[in-house]
Amino acid sequence: MRLSKLYPIVLLVTLCSLFTQVMSAGQVKVAPQFWWSGMKNPILQLLLYDEGIGYMRPSIEGAGATLSEVVSFENPNYLLLYLDLSEAPAQTLTICLEGQEGTTVKIPYELRERESSRTKAQGFDSGDVLYLIMPDRFSNGDPTNDTPPRHFLDQKVDRTHPFAWHGGDIAGIRQHMDYFTDLGVTALWLNPVQENDMPFGSYHGYAITDYYRIDPRLGSNEEFRAFVDDAHASGLKVIMDMIFNHCGTNNYLFKDQPSEEWFNHGREYHQTSFRTAVQMDPYTTPEAFAQAVDGWFVRSMPDFNQRNPHVLRYLIQSSIFWIEYAGIDGIRQDTHPYADFDAMAQWCREVMEEYPDFNIVGETWYDCNTQIAYWQKDSKLASPRNSHLPTVMDFPLYIQMGKCFREETGPHAGGFHDLYNLLAQDFVYADPMSVLVFLDNHDTSRFCTNEAEATDLPRYKQALTYLLTTRGIPQLYYGTEILMAADKQDGDGGLRADFPGGWQGDHTDAFAAEGRTGVRGEAYQLTKKLLHWRQNNPILTKGTYRHIPVVSSCYIYQRTYRDESVTVLLNGSDQEQNIELSALPMTLPSRLVDFFTQETYTSQDLVRLPPRGTLILQSSK
């Protein structure tokens with residue numbers, strides 16, 4: 001056992017006597033609140049928090065458990081214990097805190113048996129389609145939890161305010177499992193669900209104040225675990241959003257910091273430059289690097305110092321806790337490049353070692369594909385460094401899709417020419433089949449930025465077809481399937497509007513077929529048709545990707561698996577285009593079937609594509 005700091009004996013004796021009079025086992029905050037035996041990494045960090053606890057002398061009672069290290073801080077309200085559980089079976093350990101004159105506080109600590117029979121940590125890959133949900137804005141299944149505990153800073157629930165809590169919760173998501181399975185998605189990605197006890201505007205979940213607690217306005221830890229079980233029973237996976245770069249200012253770790261080294265700049269606000277290209281810039285200055293990586297995301301979100309090994313261990317354990325406890329199948333890591341590269345690489349490596357089938361996607365928001373490729377596991381661009389991050393978010397493709405499905409493709413430039421050129425650069429990725437592709441998400445304009453675009457079904461048909469048949473892992477944002485519209489320039493509240501029908505008394509219920517009328521109903525049926533076709537279709541989920549330079553303003557590409565293929569033709573112009581299949585520089589099956597109409601073609605036929613038309617030709621035996 002090692003004591004990192006020793007305090008003067010007189011002060012220690014005096015304060016131990018004082019604090020053991022008021023301390024009790026029930027008031028000590030312990031993180032994590034329980035753990036498991038038999039983990040691959042047998043070292044467990046326990047962070048204890050209570051007034052004056054740092055002056056107590058700790059010990060551990062329990063079979064096979066060893067107290068290997070004790071860390072005390074400048075702040076005596078914390079005590080950090082490292083336990084070696086290599087030989088410890090499942091049991092209830094006892095944390096003993098000894099004060100003056102033999103006064104002892106005993107805290108029971110549960111070491112659980114791992115539940116190997118539960119379906120968990122399945123991972124996700126190109127065979128999946130992720131459906132992104134902001135829980136507060138999707139469905140209110142339990143109105144009784146709309147008002148948080150009385151001590152919470154924000155008590156307001158107001159659906160008319162774009163930045164207030166609206167009442168959506170985990171119960172609401174659980175009640176609509178049939179909607180997800182009917183639609184045909186395979187995985188649910190939830191924006192952060194951990195506690196956000198902040199004064200205002202934290203409905204989005206990105207200002208966490210307790211990493212081990214589900215926000216009570218969304219539900220409880222037990223409800224989240226039950227939700228994951230329900231999803232698995234419905235054949236759906238669950239991806240949990242996490243944030244290691246920063247937390248909320250009302251997090252107890254920031255309000256009463258263990259030490260100045262837990263947060264970059266301590267308590268002093270320093271704004272990040274948002275210029276995270278410094279992470280791979282060979283010409284950056286130390287000052288520019290520190291401004292970007294160590295600066296705070298916003299004033300209300302202080303920046304964790306992941307270079308501090310105790311901070312990093314706390315964060316790593318918090319993610320492993322949710323995997324083991326709730327059985328989640330993947331993690332989406334927010335603002336991945338804003339944190340320390342080596343720390344994040346260690347986190348990815350340790351999680352994947354504990355759960356080999358797991359997957360992690362990092363938010364890598366760059367306009368340039370080489371910068372994004374730098375962050376993917378085994379990237380030659382980063383060598384000899386390795387991020388160990390399996391999946392990155394393809395923001396350049398998102399940007400290009402936003403352009404090419406709006407602008408017209410000319411004979412030699414613009415539109416699909418740019419899309420082709422971007423995909424032709426996929427050699428920069430270590431694994432292009434493991435990049436996340438998307439039309440929109442909670443931080444961007446919706447694919448339909450206004451109501452006029454929400455009536456343009458051919459445009460949506462082209463974009464959705466491409467999203468679900470290109471390389472990578474597709475992601476849909478809730479409401480895209482019914483053409484919900486919003487523009488980023490009008491504020492984030494509009495991007496995160498309530499799903500119609502998620503609240504009792506809503507005039508429109510888009511969860512029901514009768515609530516999806518007109519073009520929105522057509523969009524839903526189109527989405528459903530493509531999603532169910534994609535499920536368990538190895539041509540689209542495992543097949544090779546091949547494309548050719550733009551022909552007659554049309555982008556043409558092919559997915560091939562074994563002796564079967566799918567060929568997609570997208571007309572990027574406002575005029576009808578005629579394509580001679582036999583003239584295309586690609587191998588086509590002799591007999592083909594149009595996915596949408598079931599019309600048959602031969603590889604020698606001339607096909608006519610209407611303006612902005614979409615054609616999917618499947619091989620037919």
Side-chain angles (χ1 to χ4, degrees), residues 130-148 152 154-177 179-180 183 185 187-198 200-208 214-219 223-224 227 231 238-241 243 332 334 438-449 454 475-488 490-512 515-516 520 524:
L130 279 57
Y131 188 80
L132 169 58
I133 297 171
M134 181 157 284
D136 179 60
R137 303 301 170 87
F138 190 69
S139 177
N140 189 350
D142 181 9
T144 64
N145 63 24
D146 289 357
T147 303
F152 268 47
D154 186 2
Q155 296 286 320
K156 187 176 183 179
V157 178
D158 183 0
R159 290 185 67 194
T160 67
H161 197 297
F163 303 115
W165 287 80
H166 287 193
D169 50 31
I170 293 168
I173 301 172
R174 289 179 69 186
Q175 290 171 8
H176 294 292
M177 290 294 176
Y179 178 81
F180 309 128
L183 182 61
V185 296
L188 306 178
W189 159 22
L190 306 190
N191 289 125
V193 292
Q194 290 125 304
E195 181 191 276
N196 271 238
D197 181 10
M198 296 290 288
F200 182 71
S202 63
Y203 67 92
H204 48 68
Y206 288 96
I208 295 175
I214 299 297
D215 194 290
R217 287 163 289 202
L218 300 178
E223 285 179 279
F224 179 71
F227 152 70
V238 175
I239 288 83
M240 192 173 180
D241 213 324
I243 311 100
R332 181 266 191 180
D334 184 63
F438 53 98
L439 297 173
D440 49 15
N441 66 28
H442 63 286
D443 283 325
T444 72
S445 293
R446 284 191 174 271
F447 179 71
C448 299
T449 59
Q475 171 248 300
L476 284 173
Y477 185 37
Y478 80 95
T480 298
E481 72 275 16
I482 55 169
L483 304 181
M484 287 177 65
D487 196 328
K488 175 78 170 178
D490 297 328
D492 287 346
L495 311 178
R496 305 160 183 177
D498 297 346
F499 191 92
W503 279 253
Q504 188 173 3
D506 280 1
H507 294 300
T508 301
D509 182 5
F511 290 115
R516 302 187 294 264
R520 298 181 189 275
Y524 178 89

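Predicted model, so just to flag it, every value in this text is computed and none were measured. Note that the numbering runs from 1 along the sequence shown for the chain.
A 4.5 Å side-chain heavy-atom check between Leu132 and Phe438 finds every atom pair outside the cut-off. By the 4.5 Å heavy-atom criterion applied to side chains, Phe152 and Glu195 are counted as neighbours. Ile214 places none of its side-chain heavy atoms less than 4.5 Å from the side chain of Glu223. No side-chain heavy atom of His166 sits under 4.5 Å from any side-chain heavy atom of Met134.
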* **Check against side chain to side chain contact (heavy atoms under 4.5 Å, CB included), Glu481 and Tyr179** => CA-CA 12 Å; Glu481 72 275 16; Tyr179 178 81; 2.6 Å; yes

* Asked: Stepwise, does the ring pair (Phe, Tyr, Trp, His ring centres under 6.0 Å) test hold for Phe447 with Tyr477?
  -> CA-CA 9 Å; Phe447 179 71; Tyr477 185 37; over 10 Å; no

* Residues Leu190, Arg332; criterion side chain to side chain contact (heavy atoms under 4.5 Å, CB included); working and verdict -> CA-CA 9 Å; Leu190 306 190; Arg332 181 266 191 180; over 6 Å; no

* Might you work through the salt bridge (charged side-chain N to carboxylate O under 4.0 Å, His left out) test for Arg496 and Asp443, ending with a clear yes or no? => CA-CA 9 Å; Arg496 305 160 183 177; Asp443 283 325; 3.1 Å; yes

* Taking it one step at a time, do Leu218 and Asn145 satisfy side chain to side chain contact (heavy atoms under 4.5 Å, CB included)? -> CA-CA 7 Å; Leu218 300 178; Asn145 63 24; over 6 Å; no

* **Residues Asn140, Gln504; criterion side chain to side chain contact (heavy atoms under 4.5 Å, CB included); working and verdict** => CA-CA 8 Å; Asn140 189 350; Gln504 188 173 3; over 6 Å; no

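Taking Asp154 as the reference, nothing meets the salt bridge (charged side-chain N to carboxylate O under 4.0 Å, His left out) condition, with sequence neighbours excluded. With sequence neighbours excluded, the residues satisfying side-chain contact (heavy atoms from CB on, under 4.5 Å) with Pro500 are Ile482, Met484, Thr508, Ala510.
Between the side chain of Asp169 and the main chain of Asp142, a donor-acceptor pair closer than 3.5 Å is present. In this structure, the side chain of Ser139 does not engage the main chain of Ile173 through any donor-acceptor pair within 3.5 Å. Panel note: side chain Gln175, backbone Gly141; a donor-acceptor pair is recorded below 3.5 Å. A donor-acceptor contact shorter than 3.5 Å is absent between the side chain of Arg217 and the backbone of Pro148. For the pair Asp241 (side chain) and Asn191 (backbone), a donor-acceptor distance under 3.5 Å is absent. For the pair Asp136 (side chain) and Trp165 (backbone), a donor-acceptor distance under 3.5 Å is absent. Judged purely by atom type and a 3.5 angstrom limit, Asp215 uses its side chain to pair as donor or acceptor with the backbone of Asn196.
The CG atom of Asp492 sits 9.5 Å away from the OG atom of Ser445 when rounded to the nearest 0.5 Å. One finds the CD atom of Gln475 at 8.0 Å from the OG1 atom of Thr480 (value rounded to the nearest 0.5 Å). A distance of 12.0 Å separates CG of Asp440 from NZ of Lys488, quoted to the nearest 0.5 Å. Taking CZ from Arg516 and CZ from Phe511, the interatomic distance works out to 9.5 Å, rounded to the nearest 0.5 Å. Remark: His204 NE2 to Met198 CE distance equals 8.5 Å, nearest 0.5 Å.
Side-chain atoms of Arg137 and Tyr478 form no donor-acceptor pair, as typed in the model, at a separation below 3.5 Å. Using modelled atom types, one finds a donor on one side chain and an acceptor on the other under 3.5 Å when comparing His442 with Tyr206.
Taking every heavy atom of both residues into account, Leu476 and Val185 meet most closely at CD1-CG1, 4.4 Å. Closest heavy-atom contact between Gly205 and Ile243: O-CD1, 3.9 Å. The two residues Ala454 and Leu483 come nearest to each other via the heavy atoms O-CD1, 2.9 Å.
Classification of the Phe163-Tyr203 ring pair by plane angle, with boundaries at 30° and 60°, yields tilted. The aromatic rings of Phe138 and Phe180 lie parallel to each other, their planes meeting at an angle below 30°, with 60° marking the opposite boundary.
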